Amino acid sequence: MKKERIQAIFNRIAPVYDRMNDQFSWGQHRIWKKMAIAWSQAQPGQTGLDLCCGSGDLALLLAQRLGREGQVFAVDFSCDQLAHAQRREKPFTFPLAAINWVEADALHLPFADQTFDCATMGYGLRNVIDIPSSLEELHRVLKPGATAAILDMNRPNDPWLRRFQQWYLDSLVVPTAERLGFKEEYAYINPSLDQFPSGCQQVALARAAGFRRASHYPIAGGMMGVLVVTKTVNTQQ
Ligand SMILES: C/C(=C\Cc1cc(O)c2ccccc2c1O)CCC[C@H](C)CCC[C@H](C)CCCC(C)C
Ligand SMILES: C[S@@+](CC[C@H](N)C(=O)[O-])C[C@H]1O[C@@H](n2cnc3c(N)ncnc32)[C@H](O)[C@@H]1O
């Protein structure tokens, strides 16, 4: 799928994206995102990156974790998702790290090598048009020793759960989205899952991108998963 088509999908659904995620996942996506933040090993005061930030869920959680002394760079190439994210940021009262909202392509990040202490990527890896390049770019901008947590949907290994996931998406998610005029955008999810590398394949891709430490943790029965990668301190890299 071309970059422009992906951009158009997420620009179009920006007004309903958060509400639909809450509705379709019964609010569970917020738990899955908090798990990704924990796996990122982000610490107060650090400089963090949230790739494919969309409406800002993970960027805001990362900003809470990094605190007043930290800072977040939240990157997305959808101007409408970023606009929505910046409007949401205002009501937060507890001490947040400063969030820098950056409209850019995850495949060509406008940051120097070894910039970030930690990173998150929520439901982005499956949507970039070049997964190996995205992982290589992530590796480039992380500091040695930094960890990234990459949350996404996955096909479960269990055949019954696979069938449930396909049925849920085709028979509940898409018809509901269709009633709001977003059939095409949500009908994209199931085929995108068919193309998405399995957890083991994601680990292999991460290793090929230079991450010497990579693990994949299935969650929600394997319908979701978190790829956790760490850039080793090896001076040869
Ligand atoms: C937050 C979630 C998905 C984000 C998301 C990712 C995409 O790639 C999209 C592509 C096109 C349109 C929208 C999105 C998008 O919103 C995960 C939750 C939302 C999912 C749409 C629903 C997935 C439901 C699970 C398959 C089953 C959940 C079972 C339930 C907890 C009982
Ligand atoms: C499913 S949304 C995820 C949003 C948010 N991370 C979350 O957890 O809800 C995927 C986001 O990735 C963005 N995206 C896809 N490919 C991208 C790329 N190459 N560069 C930057 N953003 C990209 C889309 O614009 C969209 O906002």
Side-chain angles (χ1 to χ4, degrees), residues 1-14 16-37 49-62 73-85 88 101-110 119-131 133-135 137-138 149-156 161-174 176-178 180 182-193 195-196 219-226:
M1 185 177 289
K2 291 181 67 173
K3 164 182 171 177
E4 292 72 19
R5 174 117 188 277
I6 297 287
Q7 257 174 333
I9 286 175
F10 290 101
N11 278 333
R12 266 182 50 79
I13 67 172
V16 300
Y17 177 78
D18 293 331
R19 177 161 56 88
M20 302 285 262
N21 284 340
D22 280 322
Q23 182 177 337
F24 293 141
S25 72
W26 305 74
Q28 297 301 297
H29 74 104
R30 298 181 182 286
I31 295 169
W32 304 328
K33 289 171 180 176
K34 287 178 180 172
M35 293 169 78
I37 293 292
L49 169 67
D50 181 35
L51 276 179
C52 301
C53 66
S55 61
D57 275 352
L58 276 166
L60 289 162
L61 288 171
L62 194 54
F73 289 83
V75 176
D76 203 295
F77 65 14
S78 163
C79 55
D80 292 329
Q81 289 280 347
L82 284 172
H84 187 79
R88 286 176 73 194
W101 303 99
V102 180
E103 186 175 343
D105 190 333
L107 306 182
H108 305 288
L109 292 170
T120 52
M121 187 177 196
Y123 303 97
L125 193 65
R126 183 171 37 87
N127 291 303
V128 299
I129 60 169
D130 183 337
I131 292 176
S133 295
S134 177
L135 291 170
E137 192 61 346
L138 174 60
I150 302 168
L151 163 67
D152 219 311
M153 297 175 70
N154 279 289
R155 283 288 187 227
L161 272 175
R162 279 174 92 92
R163 259 195 286 281
F164 170 76
Q165 183 187 56
Q166 287 164 326
W167 170 83
Y168 192 95
L169 288 166
D170 281 343
S171 306
L172 289 181
V173 171
V174 172
T176 304
E178 183 175 15
L180 294 171
F182 298 110
K183 177 181 179 181
E184 182 197 345
E185 290 76 5
Y186 282 83
Y188 153 77
I189 297 176
N190 241 334
S192 77
L193 275 166
Q195 306 292 322
F196 193 45
I219 58 177
M223 292 188 284
M224 306 287 149
V226 184

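If you're wondering where the values come from, they're calculated on a predicted model, not measured in any experiment. Indexing begins at 1, ligand by ligand and atom by atom, following the structure's order. Excluded from the calculations below are hydrogen atoms, water molecules and symmetry mates; all remaining heavy atoms, backbone and side chain alike, are included.
Checked against side chain to side chain contact (heavy atoms under 4.5 Å, CB included), Ala36 has the following partners two or more places apart in sequence or in another chain: Leu58, Ala149, Leu151. Here Asp80 pairs with Asn11, Ala14, Ser78 under the side chain to side chain contact (heavy atoms under 4.5 Å, CB included) rule; sequence neighbours left out.
Formation of a donor-acceptor pair under 3.5 Å by the Asn154 side chain with backbone atoms of Met223 is not found in this model. Side-chain atoms of Tyr17 do not come within 3.5 Å of backbone N or O of His84 as any donor-acceptor pair.
Looking at Glu184, Glu185, Lys183 one by one, the single match for side chain to side chain contact (heavy atoms under 4.5 Å, CB included) with Val174 turns out to be Lys183.
Annotation for Val75 and Ala104: closest pair CG1-O, 3.5 Å, computed over non-hydrogen atoms. In terms of heavy-atom proximity, Asp18 sits nearest to Ser55 at OD1-OG, 2.5 Å.
Side-chain rings of Phe10 and Phe77 stay apart, their centers remaining 6.0 Å or farther from each other.
For the residue pair Tyr186 / Asp170, no side-chain donor-acceptor distance below 3.5 Å is found, with atom types taken as modelled.
Listed by chain and residue number, the protein contacts of ligand 2 are Ile6, Phe10, Tyr17, Lys33, Cys52, Cys53, Gly54, Asp76, Phe77, Ser78, Gln81, Ala104, Asp105, Ala106, Gly122, Tyr123, Asn127, Val128 (heavy atom within 4.0 angstrom).
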List ligand 1's nitrogen or oxygen atoms that come under 3.5 Å of a protein nitrogen or oxygen, with the partner atom and distance.
unit_1	atom_1	unit_2	atom_2	d
ligand 1	8 (O)	Arg126	NH1	2.9
ligand 1	8 (O)	Arg126	NH2	2.9
ligand 1	8 (O)	Asn127	ND2	3.0
ligand 1	16 (O)	Asn21	OD1	2.6

